[in-house]
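As structure tokens, the structure follows; a few thoughts come after it.
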Amino acid sequence: MYIFALHFIPHSMNQTIRVRFAPSPTGPLHIGGVRTALYNYLFARKQHGSMILRIEDTDQARFVQGAEQYITESLNWCGIEFDESPGKGGPYGPYRQSERRELYQQYSDQLIASGHAYYAFDTPEELEALRKEGEKRKQPFIYNILSRQHLRNSLNQSPQETQQLLDSGYPYVVRFRIPENTVITMDDLIRGKVQVHSDTIDDKVLFKSDGMPTYHLANIVDDHLMKISHVIRGEEWLPSLPLHLLLYQAFGWDPPLFAHLPLLLKPDGNGKLSKRDGDRLGFPVFPLQWEDPVTGEKSSGYKEAGYYPEAFINMLALLGWNPGTEQELFDMDGLIAAFDIGRVGKSGSKFDPDKAKWFNHQYLIRRSNAALSDEFLPLLRERNISAKPEYVAKVAGLLKERLQFVSDLWEEGSFFFQAPITYDEQVIKKRWKADTPTLMLDLATMLESLEAFEEEEIDSAVKSWIETKGYGMGAVMNALRLLLVGTSKGPHLASIMTLIGKAETLRRIRFGVTTIHT
RNA sequence: GCUCCCUUCGUCUAGUCAGGUCCAGGACGCCAGGUUUUCAUCCUGGUAACAGGGGUUCGAAUCCCCUAGGGAGUACCA
């Protein structure tokens, strides 16, 4: 038997680059979606093209209140900007499919007129029964050349019969008529050549009985009308590519170029990353915190967890793409300059929470002390602690190397703001000897006599004091640290004393000596 | 079940298109040592991978075939 062949050979279009991110407002956007938006954005900017946001809300049943706003706010937080969007408008609007609904009917009609589509009157129940039966027989039920002659559709009816049903208001859908016995050859920017036999694909519904187009129709019509040059989307769409290409052909339109991005996988086990995984595994899957409007269930977000958007984006960009060099740190401009869709990998990537934290650390240590201070001040205020920004900046400068998030500043340096009240038992056991109290009191007296209470002076004074007295460095310093910090951690003691000041230093020593008992 | 996609250290990946310079490089993590008055940082070192099997070739992570595993799709959802 002869098999027809259909080649969709991508032609180098000398047109302007236009890409779109087209989410469905059925809930919050997770990091996989953000990455898709990001790659679209990087591609558009790199090529000096346009980035469009289109809301695909053709499914009325799955509409979620607040989801569209969430999407906009998330992308905004990430620094992903649109040239055309529902909010901003643009020459090809409206950018919400629900506002374009009148548009789609004519295209559906056009396809029926040209014989590329037909009316189908099968009920959802009938189809479900057929699918179930197919499953039982281990033979897939496909609505196409193999079965359509036995089903209730205009292909098997006289025009009068069809018209009568239509006139009577009988519910119908419009289905695309997949050409039979044809090998469809497609080209993907990431995957290369992909082939599929037309008899394995469904006569997909283009127009639903509720009067709305399905994704497939609306998507193709809008991409064409909006002059989209490249469709960059998730791999879950790859199986629909033949249908989409066939649709372009049926309309007589030039298709855009396609790139199907690999999926983001669960960090543990297998499968595509899903909304539940984040809080189950202790890391966010959403850019921003999301509260379900119906159930009230909250899911954590990167922003609230303390991530910088730059770090989040950097981490996401490298999940599935790499520049081919060993550079890992990129700001948005750097990403735009380095991005190449051809260097996107083919296999799915597991998200690594540890690496995400490392990225944040990298951005944090590069931040100015003043900025860190601004970010930490509100957290101090929450604890009813007021401090001078200059002081907080100095603390931040001293501690930033050991932080992953600004909020770690409290854990690492609360003693800069609050004298210890309790002391680490382990350290007491190890460092607090019988003669330590006297020793510490002597040290306090020496410190009190210092003229200039500055880091260098303190450091040399303490060192020479220890030397002349013949004490062990470790014994003195660790005990002193216990008194000032409450445990055995923190930066150089001279730095701590300089920052908290002479009076506070002496106070802590004298208070601790009377408080610590072994 | 069927269709399509994928497969290099635990993870992200370089290298695969143009076979040799790869007994496979980097990063995160982990481990050890060094520095340090503590902890952290930092520095140095280490750990650890071409899914398996056939072929082609003087030579294969790279090309071909098969097997296995994983993923996606299979809705009047997107």
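Only this structure's heavy atoms are used, side chains among them; waters, hydrogens and symmetry mates stay out. All chains are named by letter (A, B, ...) in the order of the sequence lines, taking the proteins before the strands, and each is independently numbered beginning at 1.
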Exercise. Is there a Watson-Crick or G-U wobble partner for B:rG10 with both distances under 3.5 Å, and which nucleotide is it?
Worked result: B:rC28
For this session: Run the salt-bridge test on A:K346 and A:E235 with the 4.0 Å N-O cut-off and return the result as yes or no.
Result: no
Exercise. Taking only N and O in the side chain of A:K208, is any of them less than 4.0 Å away from OP1 or OP2 of B:rA78?
Worked result: yes
Exercise. Closest to the A:V194 side chain: B:rU11, B:rU13, B:rC5?
Worked result: B:rC5
Problem set entry | Distance between P atoms of B:rC63 and B:rA18 (Å, rounded) | 9 Å
Seminar exercise, completed: Looking only at B:rC76, B:rU11, B:rC5, the nucleotide nearest the A:K350 side chain is B:rU11
Exercise. Taking atom C1' in both B:rA14 and B:rG33, what distance in whole Å separates the two?
Worked result: 29 Å
Exercise. Does a nitrogen or oxygen in the side chain of A:R131 sit under 4.0 Å from OP1 or OP2 of B:rA75?
Worked result: yes
Exercise. Contacts to RNA chain B from residues 471-479 of chain A, heavy-atom cutoff under 4.0 Å, which residues?
Worked result: A:M473, A:M477, A:N478
Problem set entry | Side-chain donor/acceptor contact of A:S209 with base of B:rC76 under 3.5 Å | yes
Exercise. Of the nucleotides B:rC28, B:rG73, B:rC76, which has the atom closest to the A:W358 side chain?
Worked result: B:rC28
For this session: Please determine if A:R343 and A:D340 form a salt bridge, counting it only when a charged side-chain N lies under 4.0 Å from a carboxylate O.
Result: no
Exercise. Any idea which of B:rA72, B:rU38, B:rC77 is nearest the A:T214 side chain?
Worked result: B:rC77
